[in-house]
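Have a look at the structure below, then the notes.
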Number of protein chains: 2
Amino acid sequence: MNKVNAALIQQRMHADYETNLRYSLEEIQTAANSGADLIVLCELHSHLYFCQEESTQYFSYAQSVPGPLTERLAAAAKSNNVIIVSTVFEKRTEGLYHNTAVVFDKDGSIAGIYRKMHIPDDPGYYEKYYFTSGDLGFNPIETSIGKLGVMVCWDQWFPEGARLMALAGAQILIYPSAIGWDPRDSSEEKNRQLHAWQTIQQSHAIANNLPLICTNRVGHEQDPSNQSAGINFWGQSFITDTMGKIVSQASSDEPETIQAAIDLTESEQTRQLWPYLRDRRIDAYGNITKRFIDET
Amino acid sequence: MNKVNAALIQQRMHADYETNLRYSLEEIQTAANSGADLIVLCELHSHLYFCQEESTQYFSYAQSVPGPLTERLAAAAKSNNVIIVSTVFEKRTEGLYHNTAVVFDKDGSIAGIYRKMHIPDDPGYYEKYYFTSGDLGFNPIETSIGKLGVMVCWDQWFPEGARLMALAGAQILIYPSAIGWDPRDSSEEKNRQLHAWQTIQQSHAIANNLPLICTNRVGHEQDPSNQSAGINFWGQSFITDTMGKIVSQASSDEPETIQAAIDLTESEQTRQLWPYLRDRRIDAYGNITKRFIDET
């Protein structure tokens, strides 16, 4: 199968879990009806972004995988005959939680999971409090439409993750995200951040000659602790080709489901024209596994 | 020293070595007179881009390092009291040649050299015929204004090189380049290539929170073998800040020397806001040194 009709669901989250999930499921059905075979949800698409504060109350949101949320999504994958990329606040055991992508194949089975490897921690994004770093490495998830290099949000800033996914055979890079602006920042600063976020992901497509899908949530979410002015999630979810060109992009302020055709044979053509994999200096990259190359 | 006045010389090359060198030296003097302390020349700035064909005649262009070319540049560095980043077709011994960046400190001494690690080979860019891959690794060159992460052209497509330079303490990423369009390509294809080239380099600035300088030659150069329509070197040399934003850019069709102030303290501020170095999963990056992660 060489053509993939990819859709992404850029979603505005609400306080009510059921409302969020129902919206996701409706959009999945609509996208499937218009021919999508791969549908990517935002990061942690069932909840407001609770990582704006550190509070034990939110651990009650976590679910096992498989669990109630994955069952609903599995049923949607099966009934709509689509691949779904979701993320779940995973409860692995009592006191051990991950930010986990779960991929469902068209038959409703779980094709694989990926546990977010790079965990951020910044004012407003207190993820290290909630999520233990993933321990499954950068392994593409094999599905009936191809190998998906699924990572999650903060991973998108690290070229190493994208490269490892590509080396392991990923055919599409996929980043469900939750990123936004501090409303108090200047519009110059906001543009700087948005530009950096797009650019770094486009670069993974370029460096690895792979198409890329990035979903983001949209809309303002208040900080329940009132420490900050909340987050304006900037939407602008996008899909690129194998040269990092954005072929489809959602709006900055509205929920939107967008679609693009991805030709999986394009990567090989691009790699023949831009043969980076041929020329990597693997004899000289060993120090990438160092924290810092200190002189002493 | 926290402020660096960086200049880059975007140059149109001619058949005559002396003409090219004289232009470089004049522009170095002019830039130094307007306050530059770091001046970056294009890749192989003394010659037409001879790699458009494979012919033994061009090996006569190669020089030892130190040698006649580096002596001229060393004198320019000293008399103008500037750092110069140059590249030389290096003859290391009979039959062994490199594409080598040579950095001169303000006193005219050679601060260090870097031998291009990734060597391209594509129609019109037959570099593997001329240059052996570098064997010095990705080591920043220490100068009186800071540590320079100097790489060369094709290196710019590989995130690993930029990362290794950053981990070894580079404070500025620098890529002398020679890249252009096949005049027969459509303007859409040309834009795609230019966009990818800018984006991948901006991404190295972003991923490593470092400023970046990229010089390119400009103008049409004929293919002496008449196999192709030659190359339209696209100029558009640029300087970015530590978030990958282009702060200064040269034209697409004219020689031009541009300048920008770089504040070396900005990297630390950016790293505190975007702490990628804190979160790299060095325990999980080992496979970066593999050619491909085969399943068997």
Side-chain angles (χ1 to χ4, degrees), chain A residues 117-122 128 133-135 137-139 154-155 157-164 166-169 191-193 195-207 241 243-245 273-295, chain B residues 117-122 128 133-135 137-139 154-155 157-164 166-169 191-193 195-207 241 243-245 273-295:
Chain A
M117 290 287 283
H118 302 95
I119 306 292
D121 196 283
D122 308 284
K128 288 194 197 294
S133 302
D135 55 355
F138 300 96
N139 292 303
W154 189 237
D155 291 322
W157 299 95
F158 300 82
E160 291 92 342
R163 178 66 95 205
L164 287 163
L167 293 180
N191 286 336
R192 226 161 94 100
Q193 295 177 7
H195 175 261
W197 176 76
Q198 278 183 4
T199 302
I200 192 76
Q201 292 181 86
Q202 291 176 288
S203 83
H204 304 326
I206 296 165
D241 67 14
M243 292 272 287
K245 189 185 157 195
L273 290 168
W274 298 91
Y276 313 131
L277 292 192
R278 181 190 68 188
D279 289 339
R280 294 177 66 244
R281 290 296 305 274
I282 54 173
D283 59 311
Y285 293 162
N287 279 340
I288 289 263
T289 58
K290 293 202 174 163
R291 181 64 65 206
F292 194 68
I293 306 167
D294 302 283
E295 285 173 278
Chain B
M117 289 288 284
H118 302 95
I119 307 292
D121 197 282
D122 307 286
K128 288 193 199 293
S133 301
D135 55 355
F138 300 96
N139 292 305
W154 189 237
D155 291 321
W157 299 96
F158 299 82
E160 291 92 342
R163 179 67 95 205
L164 286 163
L167 293 180
N191 286 336
R192 228 161 92 99
Q193 294 176 9
H195 175 261
W197 176 76
Q198 278 183 4
T199 303
I200 193 76
Q201 292 180 86
Q202 291 175 288
S203 83
H204 305 326
I206 296 165
D241 68 13
M243 293 273 286
K245 190 184 155 197
L273 290 168
W274 298 92
Y276 312 132
L277 292 192
R278 181 191 68 189
D279 289 340
R280 295 177 66 244
R281 290 297 304 274
I282 54 172
D283 59 311
Y285 293 162
N287 279 340
I288 290 262
T289 58
K290 293 202 174 163
R291 181 64 65 206
F292 194 68
I293 306 167
D294 303 282
E295 285 173 281

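Quick caveat: nothing in here was measured; it's all calculated off a predicted structure.
- Residues B:Phe158 and A:Asp279 share a closest heavy-atom pair of CZ-CB, 3.9 Å.
- Counting all heavy atoms, side chain and backbone alike, A:His195 lies closest to B:Gly244 at CE1-O, 3.8 Å.
- With chain B as the partner, the residue from A:Ile288, A:Asn287, A:Ile200 showing the most heavy-atom pairs under 4.5 Å is A:Ile288.
- For B:Gln193, the parts sitting under 4.5 Å from any heavy atom of chain A are the backbone and the side chain alike.
- The CH2 atom of B:Trp274 sits 11.0 Å away from the CH2 atom of A:Trp197 when rounded to the nearest 0.5 Å.
- Looking at B:Arg280, its side chain does come within 3.5 Å of a backbone N or O of A:Lys290 through a donor-acceptor pair.
- Of the listed residues A:Leu277, A:Thr289, A:Ile282, the one with more heavy-atom pairs under 4.5 angstrom with chain B than any other is A:Ile282.
- If you tally non-hydrogen atom pairs under 4.5 Å between each of A:Gly286, A:Pro120, A:Pro159 and chain B, the highest count goes to A:Pro159.
- Contacts between A:Ala166 and chain B at a heavy-atom distance below 4.5 Å involve the backbone alone (N, CA, C, O).
- For B:Ala162, no part sits under 4.5 Å from any heavy atom of chain A, backbone or side chain.
- Here the closest heavy-atom approach between residue B:Asp122 and residue A:Pro275 is recorded as OD1-CD, 3.7 Å.
- With rounding to the nearest 0.5 angstrom, the CZ atom of A:Arg278 is 4.5 Å from the NZ atom of B:Lys128.
- The aromatic rings of A:Trp157 and B:Tyr276 sit parallel, their planes meeting at an angle under 30°, below the 60° perpendicular limit.
- With hydrogens and angles disregarded, no donor-acceptor distance shorter than 3.5 Å links the side chain of B:Arg281 to the backbone of A:Gly161.
- Looking at B:Arg291, both its backbone and its side chain come within 4.5 Å of chain A, counting heavy atoms on both sides.
- Between chain B and the options A:Lys245, A:Gln198, A:Gln202, A:Gln201, the largest number of non-hydrogen pairs under 4.5 Å is found for A:Gln202.
- Contact count against chain A (heavy-atom pairs under 4.5 Å) is highest for B:Asp121 among B:Asp121, B:Asn191, B:Ile119.
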Given the rule in the side-chain contact (heavy atoms from CB on, under 4.5 Å) test, do A:Ile206 and B:Thr199 qualify, once you have shown the distances and angles that lead to the verdict? CA-CA 8 Å; A:Ile206 296 165; B:Thr199 303; 3.7 Å; yes
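- Among B:Ala196, B:Ala205, B:Ser133, B:Gly137, the residue with the largest count of heavy-atom pairs under 4.5 Å with chain A is B:Ala196.
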